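In what follows, a single structure is set out as structure tokens and then discussed.
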4 protein chains.
Amino acid sequence: MAKPNVITKNDLLQSAKQCLVEGGIEKFTLRAVAEKSGVTQGTVYYHFRTKEQLILELVQEICEDSWNSLSQTDEGVLKEAIESAKSRCSYDSFYHKLFITLVSTGFTNEKIRHQLGEMIGRENDILTRQLEKLWSESPIKGVSVETWGIFFNALVDGIALQAILKKDFPIEKTYAELEHFVNGISSLQNKEESE
Amino acid sequence: MAKPNVITKNDLLQSAKQCLVEGGIEKFTLRAVAEKSGVTQGTVYYHFRTKEQLILELVQEICEDSWNSLSQTDEGVLKEAIESAKSRCSYDSFYHKLFITLVSTGFTNEKIRHQLGEMIGRENDILTRQLEKLWSESPIKGVSVETWGIFFNALVDGIALQAILKKDFPIEKTYAELEHFVNGISSLQNKEESE
Amino acid sequence: MAKPNVITKNDLLQSAKQCLVEGGIEKFTLRAVAEKSGVTQGTVYYHFRTKEQLILELVQEICEDSWNSLSQTDEGVLKEAIESAKSRCSYDSFYHKLFITLVSTGFTNEKIRHQLGEMIGRENDILTRQLEKLWSESPIKGVSVETWGIFFNALVDGIALQAILKKDFPIEKTYAELEHFVNGISSLQNKEESE
Amino acid sequence: MAKPNVITKNDLLQSAKQCLVEGGIEKFTLRAVAEKSGVTQGTVYYHFRTKEQLILELVQEICEDSWNSLSQTDEGVLKEAIESAKSRCSYDSFYHKLFITLVSTGFTNEKIRHQLGEMIGRENDILTRQLEKLWSESPIKGVSVETWGIFFNALVDGIALQAILKKDFPIEKTYAELEHFVNGISSLQNKEESE
DNA sequence: GATGAATGAGAATTCATTCAT
DNA sequence: AATGAATGAATTCTCATTCAT
């Protein structure tokens, strides 16, 4: 007994994510995490002193992931963001299931809720900044570019929610038209400008 | 004449909803439901044969509620729908917490997931039909009116999600600008028409 | 499953006492209590919601026992009290092991400590009242009858402590001489009176 | 020259004593001892091969302490012994808490029990020898000087027990009257002699 | 209809102990 | 001499569920 260093904290976190998505929080047990990682429960407890701590670190990782992927798209255009959103979105979407599961967990855990809120905020900000690069001013009067950031982020999450819930959700079509929507909105502004 | 202390199935469902929102599925136990209703666990079992059955009936009720409130707004314009969405949306929103909690529960329960999916579908349809009344054709080329229905529904849910997660989310402002957005989009169509 | 009424709370408490004495608090588990009573752990938890609660009720019972046995000895003389103390005192004394175990548990549990403190206080009082009946005044100047009560109670407990710790403790001899001590002290007073 | 951070066995024993008193045997874990000493569990295991071994050495230390303090008081009179007993006796008495905790642990560990029994025996003997010096014969017929040794030791422990359990125990008063008691008893003997 | 006692499986967590380094 | 990773068994406690009354 006591084989040192057979597993890293990160391995455990990855197993944990899978467990969360596969069974929801209801069935999310540290025993399941341990089994999926091939270690004993004790080992999981050695690395994360409580279940909550594990979930917290999991949330943190996701928030950092979101941050990294978004800030890399520095040069990126909205189109790319949409593409990425689409790729993460399907009836069996791992990412969004995880996200929604954590959101619902956050309702009864202020720390989680706060972190997810911050993450959403950062996402909104980045979208807004991208729109600012794209547009000289808001294409629709009364709607600030900041709010456009919120709108796009909300739209993407809302679509994902629908896609997870409906087996027959037209992902391709919806995302294709989302692009038309973005283009239409953007061109609208140019039109106004040229008027 | 009225028998006191008679607990109806509906009373239990209302308590159950509260329990779900207050503690999430994790802490959602039949004992908690029983206590909130002032009855014993046995009584809960008398009315719902299993825990799953209770949740299922709870989901059903919510779906029916959605249906009723939407079909009443038959005459209603989009504006009214937005107003109603806003009223259900805040950092402590009971309704959306319940919805998201059930969605995440649905990830591991196909019956729940299916029912919620159907509900979303009906909502999309109703929105689409309202937009059809409002618009002669889609205000943006390449975006079908059906997809507009999806977009609006997704937008409302996505905004709610953000509002629940962020204490400082600007609900008033966002909804006000959402109205400008709808108006802008609608007038856009008229403009195109007049061109 | 679910045979109603096969066991009473009191049965469980008796088993618990035995477990406590047999294994000390260290090995005092509710599983052991359940097994000794022939029920499942769940049953124990149904009757006492926590381990602490069980111990608390156990302490209470012991305190009540002490009260009952002492108040019955209404007419009783000191001699009787000594006899009873002796009978409870041996290398394997169930009673004193239990008592000392609970005392040490009380060091980290204020409720237990308080209850035991109250019990000791009542015992002291009763002893004092008995001595008052026996003596017109304290047989030794500077020692109040109240303090005599404390002394006798302390003596009995201290002797019990020694008897539990030493296999070869001379119980018979010590208690016989304790009686001589009491008589000697009492007669001392009469002597003084007659002087 | 002094090596910093070097933990000696004795340091660990002192931490262990504190842990025992602070949390009782229930919460007495090697991890707690390690943390209090600022080392890891492994280190504790390096010094004591098992938990039992640690406790055993702890008991031994206490017995040696008792021996040392008593044999120093070689010249000492009873008065001094009482003074020392009083100083170790209060509602938060470290010493007696530790002692009682170990006694109760001893109920399920013969080695501990034996050592404590031996310690008590030695204490009784020393007290008896002191009384022999003080008295030419027992002041009360039928009570041997040996038993007086037992009585005084029991009395001191019994009083300590009460003092630990009762927040409002009159320590000062009781010890003052204990001295009167000793003096009274001793003078009694002289009186008898002079008769 | 409703209750309360009981169950058993499984949850989180703790802990003495081991061992390679 | 000391550490830290790992273990596995045990512990407290919870919960859906059953069933006689």
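Here is the naming used below: chain letters follow the sequence lines, and residue numbers restart at 1 for every chain. All values derive from a computational prediction rather than experimental measurement.
- D:Phe28 comes within contact range of the sugar-phosphate backbone alone, with a heavy-atom separation under 4.0 Å but no base atom that close.
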Output a table of donor-acceptor pairs, distance under 3.5 Å, between side-chain atoms of residues 96-103 of chain B and any protein atom two or more places apart or on a different chain; print 'none' if there are none.
| from | atom 1 | to | atom 2 | distance (Å) |
| --- | --- | --- | --- | --- |
| B:His96 | ND1 | B:Arg88 | O | 3.3 |
| B:Lys97 | NZ | B:Asp92 | OD1 | 3.3 |
| B:Thr101 | OG1 | B:Lys97 | O | 2.7 |

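- Scanning DNA chain F for stems, defined as runs of 3 or more consecutive Watson-Crick or G-U wobble pairs whose donor-acceptor distances all fall under 3.5 Å, gives the following ranges: E:2-21 with F:2-21.
- Side-chain proximity of A:Thr40 to F:dA16, E:dA2, F:dT7: nearest is F:dT7.
- Contacts between residues 50-58 of chain B and DNA chain E, defined by a heavy-atom separation under 4.0 Å, are absent.
- A search for side-chain contact (heavy atoms from CB on, under 4.5 Å) contacts involving A:Thr29 returns A:Arg31, A:Ala32, not counting sequence neighbours.
- In this structure, CD of D:Gln41 is placed 9 Å from P of E:dC15, rounded to the nearest angstrom.
- Taking atom OH on B:Tyr46 and atom P on F:dA20, their separation rounds to 17 Å, with Å as the unit.
- Each of B:Gly42 and A:Arg49 was assigned the nucleotide of DNA chain E with the nearest heavy atom; the assignment lying further toward the 5' end belongs to B:Gly42.
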Please tabulate, for the side chains in residues 58-65 of chain B, all donor-acceptor contacts under 3.5 angstrom to protein atoms that are two or more places apart in sequence or on a different chain.
| from | atom 1 | to | atom 2 | distance (Å) |
| --- | --- | --- | --- | --- |
| B:Glu61 | OE1 | B:Lys17 | NZ | 2.7 |
| B:Glu61 | OE2 | B:Gln14 | NE2 | 2.9 |

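- The nearest whole Å value for the distance from the CD1 atom in B:Ile25 to the C1' atom in F:dT14 is 17 Å.
- E:dG1 atom C1' lies 12 Å from atom CG of B:Leu12, rounded to whole Å.
- B:Glu118 meets the side-chain hydrogen bond (donor to acceptor under 3.5 Å, both in side chains) test with no other residue; sequence neighbours excluded.
- Residues forming a salt bridge (Lys or Arg N to Asp or Glu O under 4.0 Å) with B:Lys9 (at least two apart in sequence, or on another chain): B:Glu57.
- Contact of the B:Arg113 side chain with the A:Ile164 side chain is registered, since non-hydrogen atoms from C-beta on lie closer than 4.5 Å.
- Per the geometry, OH belonging to A:Tyr45 stands 18 Å off P belonging to F:dA10, to the nearest Å.
- Side-chain N/O atoms of A:His47 include one lying less than 4.0 angstrom from OP1 or OP2 on F:dA6.
- Residues satisfying the salt bridge (Lys or Arg N to Asp or Glu O under 4.0 Å) test with A:Lys36, not counting sequence neighbours, are A:Glu22.
- Whole-Å rounding puts the B:Lys27 NZ to F:dA16 P distance at 14 Å.
- Shown here are the side-chain hydrogen bond (donor to acceptor under 3.5 Å, both in side chains) partners of A:Thr43, two or more places apart in sequence or in another chain: A:Thr40.
- The shortest distance between side-chain heavy atoms of A:Phe28 and A:Ile55 falls below 4.5 Å.
- Atom-to-atom, CZ of A:Phe48 to P of E:dA12 comes out at 14 Å; the value is rounded to the nearest Å.
- Residues passing the side-chain contact (heavy atoms from CB on, under 4.5 Å) test with C:Tyr45 are C:Leu30, sequence neighbours excluded.
- Of all the residues in residues 29-38 of chain B, B:Thr29, B:Leu30 reach under 4.0 Å from DNA chain F with at least one non-hydrogen atom.
- Listed by chain and residue number, A:Glu110, B:Tyr91 satisfy the side-chain contact (heavy atoms from CB on, under 4.5 Å) test with B:Lys167 (two or more places apart in sequence, or in another chain).
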